[in-house]
Peer 1: 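Below is a structure I'd like to ask you about.
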Amino acid sequence: MKKFNYLLMLFSAVIITFTSCDDDEPTPDNGVTISGIPATATIPAGGTLGPVTATATAPDGLAQLSITKDGAPLATVPLTGTTASAPFEYTATAADAGKNIVFVFTVTDVDGDAATAQHVLTVQAEETTVRVTSNITTNTTWETGKTYILGGRISVTSGATLTIEEGVVVKGEVGTGANASALVIARGAKIDAQGTATAPIIFTTIADEIEPGMIESPNLTPDLNGLWGGLLILGNARGSFAGNVTEIQIEGIPPSDTNGLYGGTNDADNSGILKFVSIRHGGANIGEGNEINGLTLGGVGSGTVIENVEVIGNQDDGIEWFGGTVSVTNALVWNAGDDAMDTDQAWAGTLDNFIVICGDNTDHALEIDGPEGSYLAGHTLMNGSVKGNPTSELGDFRDGARGMFEKIYFFDFPAPADSDGRGDFSLSGDKTLATFADGSLKFASLETVLPEGATLANVFRSGTDVHATAVAKGANTVGADKTAFAAWTWADVSGALADF
């Protein structure tokens, strides 16, 4: 029997591109032909080629179209008449990754005649997992459907923009000290990481088996931390630094790496966009008492957009601001190993709509520090809901803290104990008492669920109780709108927001 063969090679990858080879055009025999299989096609990884339509002709009448995949029968389609068409499609599977797959199409007529020819299609493919080992010095895009591995401390350098498309998963390799993996957006660089409510961008550890399209980790719990570094964004906005210098090295990055410098004079500086981003299992230790925060914002300017951010299981602070003017909307921190929300060096932005879920190792839900130099800016925290833990403190305001703190609801904290500071909302030091007295540090509409035996005065210390109200659990009139965190956060899909 004579055969007429068409070769179709499929290579499962992010981009699959077919190009025809003009040297191998079909040669019909007894008038039996087949046409319609494309010379070029592009499909995504896990996507489907087709349906394409194979059209067969045979003057004596058609019998069937048979298709094999890598030599094994795949399908047989009966055909009638002298001209007939049949659709063909194929969806790439995980088992196809890294393989050339050959499809052979054979048309037979009623007399058993066929035609034989070969049409070669070559394949170009890209990997779905990419390991990044060097700094990013030119505009670069990390693409939807891919996982990127941070092979160390990776900096996006001044003048370059890193675009991270929706649904991308970024995994940091395990390491400590100088080998701790992290992503640093240096001064003058930008990040454009815009996830969506249906496809957030996830930063996590290489030990996490999560894949693009997932929200919950399939193998890690939300209290695991220190398995990689974190995300650091640095800018040119002002901060209040000791000695009134205009720039300083960010904590968590060795002094030898000048990409860790932050600060300047441009309060409107733009470091890019961060939306629908979840950062997990970070906080690697680079030295004694020197860990990396989940999200570090150093000297970041008001031109930067940050909204819808989740930080889970970080060994150090969840989010820490060091000076700068950037504002953040819709932020959630769960299981911070030190402080959930930490502000320093006269940060001058606003945090609006936030949730804190204290873990077993969370020290302060809020740690608010004041200026270190003569620049005396303050910031605002508003519309927050904070769930406590027996080990945790509501808030510690230190070093001449300044700003406005309003419409915050606290619950599930222990009764205060004078010996350890747990369960209270305190002002530390003469500088802070002075800023509270002169109105540079303000409070309004604070609500709390009082633990048994506690009073407002021993929870909210140093006179802050006049701005607080005791409420029953769930009867709060202030706090966060948790709907902002629905569906895209691990905290929501795991049920951790049920009490909010």
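Counting begins at 1 with the first residue of the sequence.
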Peer 1: Please walk me through it: do Val333 and Ile319 pass side-chain contact (heavy atoms from CB on, under 4.5 Å)?
Peer 2: CA-CA 8 Å; Val333 174; Ile319 304 175; 4.0 Å; yes

Peer 1: Is there a donor-acceptor contact under 3.5 Å from the side chain of Ser392 to the main chain of Thr362?
Peer 2: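 Side chain of Ser392 to backbone of Thr362, a donor-acceptor pair under 3.5 Å: yes, one is there.
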
Peer 1: Between Thr157 and Asn259, is a side-chain hydrogen bond (donor to acceptor under 3.5 Å, both in side chains) present by the stated rule, with each step listed?
Peer 2: CA-CA 7 Å; Thr157 61; Asn259 288 312; 5.9 Å; no

Peer 1: Checking Ile253 against Val184 for the side-chain contact (heavy atoms from CB on, under 4.5 Å) test, could you report, in this order, the C-alpha distance in whole Å, the side-chain angles of both residues, the deciding distance, and whether it holds?
Peer 2: CA-CA 9 Å; Ile253 300 300; Val184 181; 3.9 Å; yes

Peer 1: Taking the ring centre of each residue, are Phe500 and Phe411 less than 6.0 Å apart?
Peer 2: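 Phe500 vs Phe411: aromatic centres under 6.0 Å.
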
Peer 1: Under the 3.5 angstrom rule, does the side chain of Asp208 hit a backbone N or O of Ile210 as a donor-acceptor pair?
Peer 2: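 It does hold such a pair.
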
Peer 1: Who are the salt bridge (Lys or Arg N to Asp or Glu O under 4.0 Å) partners of Asp342, not counting sequence neighbours?
Peer 2: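 Per chain and number, Asp342 pairs via salt bridge (Lys or Arg N to Asp or Glu O under 4.0 Å) with no residue.
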
Peer 1: Between Asn476 (side chain) and Val478 (backbone), is there a donor-acceptor pair under 3.5 Å?
Peer 2: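 Yes, because the side chain of Asn476 sits within donor-acceptor range (under 3.5 Å) of the backbone of Val478.
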
Peer 1: State the CG-CG distance between Asp339 and Leu366, to the nearest 0.5 angstrom.
Peer 2: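 Taking CG in Asp339 and CG in Leu366, the distance rounds to 9.0 Å.
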
Peer 1: State, with a plain yes or no, whether a side-chain heavy atom of Tyr262 is found less than 4.5 Å away from one of Phe322.
Peer 2: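 SC-SC contact between Tyr262 and Phe322 confirmed.
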
Peer 1: What donor-acceptor contacts under 3.5 angstrom involve side-chain atoms of residues 442-452, with partners at least two apart or in another chain?
Peer 2:
unit_1: Glu447; atom_1: OE1; unit_2: Thr477; atom_2: N; d: 2.8
unit_1: Glu447; atom_1: OE2; unit_2: Thr477; atom_2: OG1; d: 2.4
unit_1: Thr448; atom_1: OG1; unit_2: Phe410; atom_2: O; d: 3.3

Peer 1: Nearest 0.5 Å, what's the OG-CD distance between Ser256 and Gln249?
Peer 2: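 Those atoms lie 8.0 Å apart.
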
Peer 1: Taking only residues two or more places apart in sequence or in another chain, which ones pass salt bridge (Lys or Arg N to Asp or Glu O under 4.0 Å) with Glu173?
Peer 2: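 Applying salt bridge (Lys or Arg N to Asp or Glu O under 4.0 Å) to Glu173 gives Arg131.
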
Peer 1: Between the side chain of Thr296 and the main-chain N/O of Leu232, is any donor-acceptor distance below 3.5 Å?
Peer 2: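 No, Thr296 side chain to Leu232 backbone: no donor-acceptor pair under 3.5 Å.
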
Peer 1: Distance-only check: which donor-acceptor pairs under 3.5 Å involve side-chain atoms of residues 147-156, not counting sequence neighbours?
Peer 2:
unit_1: Tyr148; atom_1: OH; unit_2: Glu143; atom_2: N; d: 2.7
unit_1: Arg153; atom_1: NE; unit_2: Asp257; atom_2: OD2; d: 2.8
unit_1: Arg153; atom_1: NH2; unit_2: Asp257; atom_2: OD2; d: 3.4

Peer 1: Using side-chain heavy atoms (C-beta onward) and a distance below 4.5 Å, is Ile136 in contact with Trp142?
Peer 2: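 A side-chain contact exists here, since the closest heavy-atom pair is under 4.5 Å.
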
Peer 1: Starting from the C-alpha separation in whole Å, work towards a yes-or-no answer on side-chain contact (heavy atoms from CB on, under 4.5 Å) for Thr205 and Leu220.
Peer 2: CA-CA 10 Å; Thr205 168; Leu220 301 183; 3.6 Å; yes

Peer 1: Should Asp344 and Phe241 count as side-chain neighbours, where that means a heavy-atom distance under 4.5 Å?
Peer 2: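 With C-beta onward as the side chain, the pair stays apart.
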
Peer 1: Tell me if a side-chain donor or acceptor on Arg422 pairs with a main-chain N or O of Pro390 at a distance below 3.5 Å.
Peer 2: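 A pair under 3.5 Å: yes.
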
Peer 1: Looking at CG of Leu227 and OG of Ser181, how far apart are the two atoms once the value is rounded to the nearest 0.5 Å?
Peer 2: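 Atom-to-atom, Leu227:CG and Ser181:OG are 9.5 Å apart.
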
Peer 1: Hey, is the main chain of Thr350 close enough, under 3.5 Å, to the side chain of Thr380 for a donor-acceptor pair?
Peer 2: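 No; zero donor-acceptor contacts below 3.5 Å.
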
Peer 1: Taking only residues at least two apart or on different chains, which pairs with a member in residues 353-363 satisfy salt bridge (charged side-chain N to carboxylate O under 4.0 Å, His left out)?
Peer 2: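 Those involving residues 353-363 do not exist here.
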
Peer 1: I'd like to know whether Trp490 forms a ring pair (Phe, Tyr, Trp, His ring centres under 6.0 Å) with His281, so could you lay out the CA-CA distance, the side-chain angles of the two residues, the decisive distance to 0.1 Å, and finally the verdict.
Peer 2: CA-CA 12 Å; Trp490 188 2; His281 311 297; 5.7 Å; yes

Peer 1: Less than 4.5 Å apart, any side-chain heavy atom of Arg402 and any of His379?
Peer 2: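 Contact flag for Arg402/His379 side chains = no.
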
Peer 1: Taking the six-membered ring where the residue is Trp, are the ring centres of Phe405 and Phe397 under 6.0 Å apart?
Peer 2: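 Centroid separation for Phe405 and Phe397: below 6.0 Å.
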
Peer 1: Hey, is the main chain of Thr138 close enough, under 3.5 Å, to the side chain of Thr140 for a donor-acceptor pair?
Peer 2: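 At least one qualifying donor-acceptor pair exists.
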
Peer 1: For Ser385 and Ala480, indicate whether the former's side chain and the latter's backbone hold a donor-acceptor pair under 3.5 Å.
Peer 2: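 Pair found, side chain donor or acceptor close to backbone of Ala480.
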
Peer 1: Can you find a pair of side-chain heavy atoms, one from Leu351 and one from Met382, that are under 4.5 Å apart?
Peer 2: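 Leu351 does not reach Met382 side chain to side chain.
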
Peer 1: Quick check for you: to the nearest 0.5 Å, what is the distance between Asn335 atom CG and Asp223 atom CG?
Peer 2: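 With rounding to 0.5 Å, CG (Asn335) is 6.0 Å from CG (Asp223).
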
Peer 1: Once salt bridge (charged side-chain N to carboxylate O under 4.0 Å, His left out) is applied, what residue pairs with a partner in residues 370-388 remain, sequence neighbours excluded?
Peer 2: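 Residue pairs passing salt bridge (charged side-chain N to carboxylate O under 4.0 Å, His left out), neighbours aside: Lys387-Asp499.
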
Peer 1: Looking at residues at least two apart in the chain, or sitting in another chain, which of them share a ring pair (Phe, Tyr, Trp, His ring centres under 6.0 Å) with Phe485?
Peer 2: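 Applying ring pair (Phe, Tyr, Trp, His ring centres under 6.0 Å) to Phe485 gives none.
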
Peer 1: Report yes if the side chains of Met341 and Val356 come closer than 4.5 Å at any heavy-atom pair, otherwise no.
Peer 2: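 Contact flag for Met341/Val356 side chains = yes.
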
Peer 1: Check the pair Asn383, Glu406 against side-chain contact (heavy atoms from CB on, under 4.5 Å), reporting the backbone distance first and the verdict last.
Peer 2: CA-CA 7 Å; Asn383 301 315; Glu406 60 179 324; over 6 Å; no

Peer 1: Is the shortest side-chain heavy-atom distance between Tyr409 and Val386 below 4.5 Å?
Peer 2: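 Contact flag for Tyr409/Val386 side chains = no.
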
Peer 1: Between Asp412 and Lys473, is there a side-chain N and carboxylate O pair less than 4.0 Å apart?
Peer 2: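 Counted as a salt bridge, because a side-chain N and a carboxylate O are separated by less than 4.0 Å.
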
Peer 1: Going by salt bridge (Lys or Arg N to Asp or Glu O under 4.0 Å), name the residues that satisfy it together with Glu165, two or more places apart in sequence or in a different chain.
Peer 2: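 Counting only residues at least two positions away or on another chain, Glu165 forms no salt bridge (Lys or Arg N to Asp or Glu O under 4.0 Å).
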
Peer 1: Mind checking salt bridge (Lys or Arg N to Asp or Glu O under 4.0 Å) for Arg238 and listing every partner two or more places apart, or none if nothing turns up?
Peer 2: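 Result, salt bridge (Lys or Arg N to Asp or Glu O under 4.0 Å) vs Arg238: Asp267.
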
Peer 1: Got Ile201 and Phe276 here, is their nearest side-chain heavy-atom distance under 4.5 Å?
Peer 2: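 Sidechains of Phe276 and Ile201: no contact.
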
Peer 1: Does anything in residues 476-498 form a salt bridge (charged side-chain N to carboxylate O under 4.0 Å, His left out)? List the pairs, not counting sequence neighbours.
Peer 2: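 Listed by first then second residue: nothing to list.
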
Peer 1: Counting distance only, does the side-chain N/O of Trp347 pair as donor-acceptor with the main-chain N or O of Gly370 below 3.5 Å?
Peer 2: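 The answer is no, because no donor-acceptor pair under 3.5 Å joins these two groups.
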
Peer 1: Which value, rounded to the nearest 0.5 Å, describes the distance between Asn458 atom CG and Thr455 atom OG1?
Peer 2: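 Here the rounded value is 3.5 Å.
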
Peer 1: Can you check side-chain hydrogen bond (donor to acceptor under 3.5 Å, both in side chains) on Asn225 and Asn314, steps first, answer last?
Peer 2: CA-CA 5 Å; Asn225 62 42; Asn314 202 77; over 6 Å; no

Peer 1: Which residue pairs satisfy the side-chain hydrogen bond (donor to acceptor under 3.5 Å, both in side chains) criterion with at least one member in residues 319-329, sequence neighbours excluded?
Peer 2: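 Non-adjacent pairs meeting side-chain hydrogen bond (donor to acceptor under 3.5 Å, both in side chains): Asn293-Glu320.
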
Peer 1: side-chain hydrogen bond (donor to acceptor under 3.5 Å, both in side chains), that's the test. Do Ser494 and Glu216 meet it? Break it down for me.
Peer 2: CA-CA 7 Å; Ser494 68; Glu216 288 189 274; 5.1 Å; no

Peer 1: Could you report the tightest heavy-atom contact between Tyr375 and Gly239, atom names first, then the distance?
Peer 2: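 Closest heavy-atom pair between Tyr375 and Gly239: CD2-C, 3.7 Å.
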
Peer 1: Using only atom types and a distance under 3.5 Å, with no angle test, would you say the side chain of Asn219 pairs donor to acceptor with the backbone of Ala207?
Peer 2: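 Yes, Asn219 side chain to Ala207 backbone: donor-acceptor pair under 3.5 Å.
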
Peer 1: Could you list all the salt bridge (charged side-chain N to carboxylate O under 4.0 Å, His left out) pairs where at least one residue sits in residues 190-206, not counting sequence neighbours?
Peer 2: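 Applying salt bridge (charged side-chain N to carboxylate O under 4.0 Å, His left out) to every pair that reaches into residues 190-206, excluding sequence neighbours, yields nothing.
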
Peer 1: Quick one: OG on Ser278 to CG on Leu295, what's the gap to the nearest 0.5 Å?
Peer 2: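 Going from OG on Ser278 over to CG on Leu295, the span is 11.5 Å.
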
